[in-house]
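To keep things clear, I will list the structure first and then write my remarks on it.
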Protein chains: 2
Amino acid sequence: MLEEMESTAGQVLTRWADLSEQERVEAFEHLPRKEADTFFLELSSRDELELLLALPVRERRIWLRLLAPDDAADVIQIAPEDQRASLLDLLDDMARREVNALLAYKEDEAGGLMSPRFARLRPEMTVDEAIRYLRRQAAQIETVYYAYVLDDSQRLLGVLNFRDLFAADGNTLVRELMRTDFVSATDEMDQEAVARLFSMHRLLAIPVLDSEGRMQGIVTADDIVDVVHEEATEDIQKFGGMEALDGPYLEIGFWQMVRKRAGWLAILFLGEMLTATAMGHFEHEIARAVVLALFVPLIISSGGNSGSQATTLVIRAMAVGEVRLRDWWRIIGREAPTGLVLGSVLALIGGARILLWQAVWQPYGEHYFLVALTVGLSLIGVVLFGSLAGSMLPFVLRRVGLDPASASAPFVATMVDVTGLVIYFTIASFILRGTLL
Amino acid sequence: MLEEMESTAGQVLTRWADLSEQERVEAFEHLPRKEADTFFLELSSRDELELLLALPVRERRIWLRLLAPDDAADVIQIAPEDQRASLLDLLDDMARREVNALLAYKEDEAGGLMSPRFARLRPEMTVDEAIRYLRRQAAQIETVYYAYVLDDSQRLLGVLNFRDLFAADGNTLVRELMRTDFVSATDEMDQEAVARLFSMHRLLAIPVLDSEGRMQGIVTADDIVDVVHEEATEDIQKFGGMEALDGPYLEIGFWQMVRKRAGWLAILFLGEMLTATAMGHFEHEIARAVVLALFVPLIISSGGNSGSQATTLVIRAMAVGEVRLRDWWRIIGREAPTGLVLGSVLALIGGARILLWQAVWQPYGEHYFLVALTVGLSLIGVVLFGSLAGSMLPFVLRRVGLDPASASAPFVATMVDVTGLVIYFTIASFILRGTLL
């Protein structure tokens, strides 16, 4: 009884990540056939591949053939080079042709996401004929909510949703009912652009056309949910100051992980070396007024934090299409006053902190007020600079054709650190000249 | 002719963001009626509301009634308090009841996302009857790819997709064809959890049940694409070290923006003040060996950057469900060696930089080698600490019931800055005792 309970698909799925390959095969083979179908279809492509390769060769065929052509293509795409041909051979002729066509596309293009099995109609059919025809086609297609009306050369004439089809009188012609102002994607469109189409038009599926307008397949919203997740993960990892990983954190190899992180870390380090140069430039001032050194981390990190906020906001707004290249002056118009106010808030807190400490412990000497003034003014300058630099860098990067997301928060922080030091010591040398300096 | 060209829906949509309210109303009223319908439905809820309120009262009714109940509820939810009742009054009785029911849910719950208009079937219908019945229902429902089989008390018995319905023999009973192992959401489930269901099961719609199993509506994948976008934006903004904004960057009011950013910036600033305390603690050492101060920004920022990488990876892996609470020791097992290797890489670069500068300009005095050693070892220690602290903090936060995403990169950087100073000056006092110190 207990065993029966434990072998339901849901429970196996919950424990899946913790099972060894051998345990996975056993758990999978213990599932009742109907549950095993559902279970297999819900695995990620990576898990499907691993399970397939772990199964005896004669069983692979059954499971691989269960997959729709686009899903089969996903699995074969990530298979080791030397396994691909033998996996392809397991498919029937029609599916193999379809999968081969899909494999020609890059994984992150509309063509790589689409399913070639969609519901086709002819413009001259009546609604009754169309419904009868769809019922006959149903077994072979990944039917979704739309049917596509094609001419003789497979060019897309119009799109018809099932609701309109169902609600119409049986004698109406498909031609009269179809919508001709449909949204479509091209087969080489980037998946992020396709995701934007979905988000903008709230559709459940979008037809994919080749450069001559011939219909190649459909991309469905459920695939796009994954795409949006993936793209967000990549963006977030770039924000964190590294290259995007190619897979889940716990599955990436150790050295691959190190490589993805070491590159940016070393670049940031080389940039940050300029702080040592800048500090060296002011070594004299530091030697004469050690108190100045105490506030270096406080000041440069405040610039970094405000820059990180600004760059995060702008990059994300660009990614979702809220902000375009020519909006740069509107951003400056917001960031300049924002930076001034934020800097002033920190200046007040920082000034109060210095005066308070001085009142209690007198750590800053007789010129404590000038020190507080220096720190306060520097904070305003540094936060203002951070907000402006952080918000403008994505525009500069995009202008020269680079990915704005690479202007990650740590990158901006490094840039602002160096400038922050210069701002701080310049203000100090004006205010403290004749007293501490 | 030119005017006609410019008045197509797509072109109006492209210019929409740049138009004044008056221009928007004019452009909208110039669209042919059929295009205007599509156009209105594709606007965001916020734009729909603004346009509605800008239109003359007698026209509002037409456009508000065009919306499906869930979309109408979204618009009314964001309307100013004093406009809601009058907008609700524009709906017909049935729609008003439905919208009122939806307004009872929070915006970010399954109940707040769902549409109450889904295709219902009875278990004892035949396939032919079901298809005829769906054709009659079609005009009133937001038909999607699934039909839902309910008992007399509206409890969900099974789910049937159109493909299986279409492909089956006309005399089969719905009861025999329906799937009873369906995936469902509860009406109070968080939208992020609903998005995970979609991503896991690759569905186009998920039924929403109340606590007694009665079916309340469906959430469709196109709505989830928006949810995933929104949630990613919120996460990214938290990563950037601020509270998530409630709307697009350019539309948020100035003081609201300042408030959302000033809070975290001030908290980070208060934390970073500890660096001034820590530096004060080592004031003596700095006064004796100013050369130590030169490398402070370099060392603490390297710790911050590696911490930012680690925390970003772990938070995202948690958000998408790749990593669970009990995986913490597996993460330590990866981050400890990763941190050591990354720290060593930076130590080599940093050491080489000091030796090179010394060879050319001799800026670091006779004990330059000990300085290089101090900086190198500190880098290893700080990067290791950054990787561990950055990766563990999300676990600690989640353990005590807080949102792991609030352990944003700047937060970790601040934490690591303070510790980094202590590590650096402690190592320095060991290595440089008797020479510089």
Side-chain angles (χ1 to χ4, degrees), chain A residues 42 134-135 138-139 143-145 162-163 166-167 198-199 201-202 204 221-222 224-226 228 232-233 236 239-242 248-249 258 261-262 265 268-269 272 275-276 279-280 283 286-287 290 293-295 297-298 300-302 305 308-309 312-313 316-317 322 341-342 345-346 409-410 417, chain B residues 42 134-135 138-139 143-145 162-163 166-167 198-199 201-202 204 221-222 224-226 228 232-233 236 239-242 248-249 258 261-262 265 268-269 272 275-276 279-280 283 286-287 290 293-295 297-298 300-302 305 308-309 312-313 316-317 322 341-342 345-346 409-410 417:
Chain A
E42 286 181 357
L134 285 175
R135 289 183 68 174
T143 328
V144 272
Y145 181 49
F162 282 12
R163 174 164 98 176
F166 279 16
F198 271 92
S199 169
H201 300 285
R202 306 194 179 185
L204 287 171
D222 54 330
I224 290 298
V225 171
D226 288 343
V228 174
T233 299
I236 286 174
F239 278 12
M242 72 183 95
Y249 175 87
V258 168
R261 288 162 71 166
L265 215 52
L268 294 172
F269 188 76
E272 195 73 30
T275 60
M279 292 281 284
E283 196 173 353
I286 299 173
V290 173
L294 308 190
F295 298 102
L298 183 63
I300 62 178
S301 71
S302 299
N305 289 340
S308 153
Q309 290 187 337
T312 304
L313 283 172
R316 185 62 187 169
E322 285 166 22
V341 173
L342 293 175
V345 170
L346 298 193
D417 279 356
Chain B
E42 286 180 357
L134 286 176
R135 288 183 68 175
T143 328
V144 271
Y145 181 48
F162 283 11
R163 175 164 97 177
F166 280 15
F198 270 93
S199 169
H201 300 285
R202 306 194 179 186
L204 286 171
D222 54 330
I224 290 298
V225 171
D226 288 342
V228 174
T233 299
I236 286 175
F239 278 13
M242 57 193 299
Y249 175 87
V258 168
R261 288 162 71 166
L265 216 52
L268 294 172
F269 188 76
E272 195 74 29
T275 60
M279 292 283 283
E283 195 173 352
I286 299 173
V290 173
L294 307 189
F295 298 103
L298 183 63
I300 63 177
S301 71
S302 298
N305 289 340
S308 153
Q309 290 187 338
T312 304
L313 282 173
R316 186 61 186 167
E322 284 166 23
V341 172
L342 292 174
V345 170
L346 297 194
D417 278 357

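All values below come from the heavy atoms of this structure, side chains included, with hydrogens, waters and symmetry mates left out. Residue numbers start from 1 in every chain, and the chains themselves are labelled A, B, ... in the order their sequence lines are given, proteins ahead of strands.
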Tell me, for [X] versus chain A, whether the close heavy atoms (under 4.5 Å) come from the side chain, the backbone, both or neither.
{"X": "B:L265", "value": "both"}
{"X": "B:F295", "value": "side chain"}
{"X": "B:D417", "value": "side chain"}
{"X": "B:R316", "value": "side chain"}
{"X": "B:A293", "value": "both"}
{"X": "B:V228", "value": "both"}

**Message:** Which label fits B:F166 and A:F166: parallel for a plane angle under 30°, tilted from 30 to 60°, or perpendicular past 60°?
**Reply:**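 Because their plane-to-plane angle lies in the 30° to 60° range, the rings of B:F166 and A:F166 count as tilted.
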**Closest contact, heavy atoms only, A:L313 versus B:R261** =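 The pair with the smallest heavy-atom distance is CD1-NH1, 3.6 Å.
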**Asked** Taking all atoms of both residues into account, what is the closest heavy-atom pair of B:I300 and A:P297, and its distance?
**Response**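 Shortest heavy-atom separation between B:I300 and A:P297 comes out as CD1-CB, 3.6 Å.
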**Prompt:** What is the distance from atom CG of A:L268 to atom CG of B:N305, rounded to the nearest 0.5 Å?
**Reply:**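 Here the interatomic distance stands at 4.5 Å.
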**Asked** So how far is it from A:I286 CD1 to B:I286 CD1, rounded to the nearest 0.5 Å?
**Response**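 The CD1 atom of A:I286 sits 8.5 Å away from the CD1 atom of B:I286.
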**Message:** Are the side chains of B:L298 and A:F269 in contact, using a 4.5 Å heavy-atom criterion?
**Reply:**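 Of all side-chain heavy-atom pairs linking B:L298 with A:F269, at least one is under 4.5 Å.
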**Asked** Does any non-hydrogen side-chain atom of B:T275 lie less than 4.5 Å from one of A:S301?
**Response**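 SC-SC contact between A:S301 and B:T275 ruled out.
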**Item:** Region of A:A317 that comes under 4.5 Å of a non-hydrogen atom in chain B
**Value:**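 It is the side chain, since no backbone atom gets that close.
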